Amino acid sequence: MGTATAGEKKFGLAIHGGAGTITRANLSGEKEAAIRSDLGEALDAGYRILHDGGSSLDAVQAAITVLEDSPRFNAGHGAVYTNTETHELDASLMDGNSLSAGAVAAASTVRNPILLARKIMDESVHVMLSGAGADEFAGQMGLELVDNDYFNTEFRFNQLKAAQARSDASSMADPLQFESKFGTVGAVALDRHGNLAAGTSTGGTTNKRFGRIGDSPIIGAGTYADNRSCAVSATGHGEYFIRHAVAHEICARTRLAGESLEAAADHVVRKELVEAGGSGGVIAIDRQGHVTMPFNTEGMYRGLRMSDGRMSIAIYKD
Ligand code: ASP
């Protein structure tokens, strides 16, 4: 797979694996290498599709599926635990060409929630399905179903126990009060046809209760794509991302206020969210192939691969 030559349409993708207190001091060399390898595999899976003329939607889906299957991210296998030691998965996907979208909230048995979001978009008249109904639809669509304990990992279980030890179980304590690392995954892509797409997948927040749903499956908050502006996938403290309609806000600033992608994303992530107290970050791409990945935390797992040769995988601020 080479890079595109001059005059050819630019294409490529960017991915994230969550933002938070990710520093060299708290990430072992071994874990860092494994995470970088997962991110590389996800970028390759998406890039291959784009290189061969496939759609940005397919590329986003392929990249996210790789990360959902890795135990190292808070999505699919490796998702965080709810307060009752189960997993409830959220995901969404959007096509910037048609503004079609699919989203799933609180599914518990579909192995790859991003594939279900795609089915909801392509095969149903709805945008969002939730809970048992979403799992039932996944079964009808022939998607792989698993027992909820397929999503178990020891690392996330220990995280739950630590969170529960710190919070008062009888209160409505903010589940994110003590959470400093978000492992949600997402991808944004531009294909050879000039179409944008975005997708996001997560287990939500550790120790969540009462059917809590964050920004990731909400179109306009955690995910948005519109060929007239840009494609965005977010990660962070979901309640703030919902209130600020982060993904849509960034796209709207580029489309309506004429801001560059970088300026728009920077304003929302590093000014608006910071002022409000919402931590996290986004990845964004536009039709010209600009990519920006701002975050207001110590680090964000991220990477990009573009047809003009740009390629990077990064974790920390510097
Ligand atoms: N945004 C996600 C949520 O609030 C969490 C994350 O990004 O890890 O559910």
Side-chain angles (χ1 to χ4, degrees), residues 14-22 35 38-39 64 67-68 70-83 86-93 103-108 113-114 117 128 130 151 153 155-156 159-160 163 173-188 198-224 232-250 268-269 273 276-284 293-302 315:
I15 59 173
H16 71 76
T21 315
I22 309 164
I35 284 171
D38 288 339
L39 293 172
I64 291 178
L67 300 174
E68 283 180 341
S70 162
R72 282 170 284 275
F73 300 93
N74 172 20
H77 181 52
V80 298
Y81 286 77
T82 66
N83 180 258
T86 62
H87 307 274
E88 292 174 357
L89 310 165
D90 303 333
S92 64
L93 189 68
V104 50
S108 55
I114 197 68
M128 184 185 260
S130 67
F151 302 107
T153 52
F155 170 67
R156 296 294 180 196
Q159 244 180 12
L160 172 70
D174 179 352
L176 275 164
Q177 198 180 346
F178 305 108
E179 186 145 323
S180 57
K181 241 185 228 174
F182 312 106
T184 291
V185 307
V188 294
T200 310
S201 181
T202 189
T205 51
T206 302
N207 203 24
K208 64 186 181 181
R209 307 173 76 188
F210 311 118
R212 181 266 183 192
I213 293 165
D215 60 311
S216 308
I218 297 182
I219 297 300
T223 301
Y224 202 73
V232 179
S233 170
T235 174
H237 193 154
E239 281 69 10
Y240 291 86
F241 283 67
I242 294 172
R243 293 184 194 116
H244 290 260
V246 164
H248 185 270
E249 182 76 4
I250 292 169
V268 174
V269 173
L273 284 175
S279 58
V282 304
I283 52 171
M293 305 192 271
F295 50 95
N296 61 32
T297 50
E298 301 257 17
M300 180 168 82
Y301 300 121
R302 61 200 187 278
I315 298 178

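Small disclaimer: the values here were computed from a predicted structure and weren't measured. The figures here come from the full heavy-atom set of this structure, side chains too, leaving out hydrogens, waters and symmetry mates. We count ligands from 1, going down the list as the structure has it; atoms in each ligand are counted the same way.
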Hey, is Ser216 one of the residues with a heavy atom under 4.0 angstrom from ligand 1? yes
Heavy-atom gap Gly18 to ligand 1 smaller than 4.0 Å: no
Kindly confirm or rule out an N or O of Glu239 lying under 3.5 angstrom from an N or O of ligand 1. no
N or O pair under 3.5 Å between His237 and ligand 1: no
Heavy-atom closest pair (Ala19 atom, Thr297 atom, distance to 0.1 Å) is CB-OG1, 3.5 Å
Where is the tightest heavy-atom contact between Val80 and Gln159, given as atom of each residue plus distance? CG1-OE1, 4.1 Å
If you count the atoms of ligand 1 from 1 in the order shown, which ones are under 4.0 Å from a heavy atom of [X]?
| X | result |
| --- | --- |
| Gly204 | 9 (O) |
| Thr235 | 6 (C), 7 (O), 8 (O) |
| Gly183 | 8 (O) |
| Gly236 | 1 (N), 2 (C), 3 (C), 4 (O), 5 (C), 6 (C), 7 (O) |
| Asp215 | 1 (N), 2 (C), 3 (C), 4 (O) |
| Gly238 | 4 (O) |

Please test Ile283 against Met300 for side chain to side chain contact (heavy atoms under 4.5 Å, CB included), starting from the C-alpha separation and ending with a verdict. CA-CA 10 Å; Ile283 52 171; Met300 180 168 82; 4.1 Å; yes
The single option from Thr184, Thr223, Thr200 passing side-chain hydrogen bond (donor to acceptor under 3.5 Å, both in side chains) against Ser233: Thr200
Does His87 have its ring centroid less than 6.0 Å away from the ring centroid of Tyr81? yes
Would you sort out whether Ile218 and Met128 count as a side chain to side chain contact (heavy atoms under 4.5 Å, CB included), showing the intermediate values? CA-CA 8 Å; Ile218 297 182; Met128 184 185 260; 4.2 Å; yes
Looking only at heavy atoms, is any part of Arg212 under 4.0 Å from ligand 1, and if so is it the side chain, the backbone, or both, or is it neither? side chain
Intermediate values then yes/no, side chain to side chain contact (heavy atoms under 4.5 Å, CB included), Arg72 and Thr153: CA-CA 9 Å; Arg72 282 170 284 275; Thr153 52; over 6 Å; no
Is it true that a side-chain atom of Asp215 and a backbone atom of Thr235 form a donor plus acceptor pair closer than 3.5 Å? no
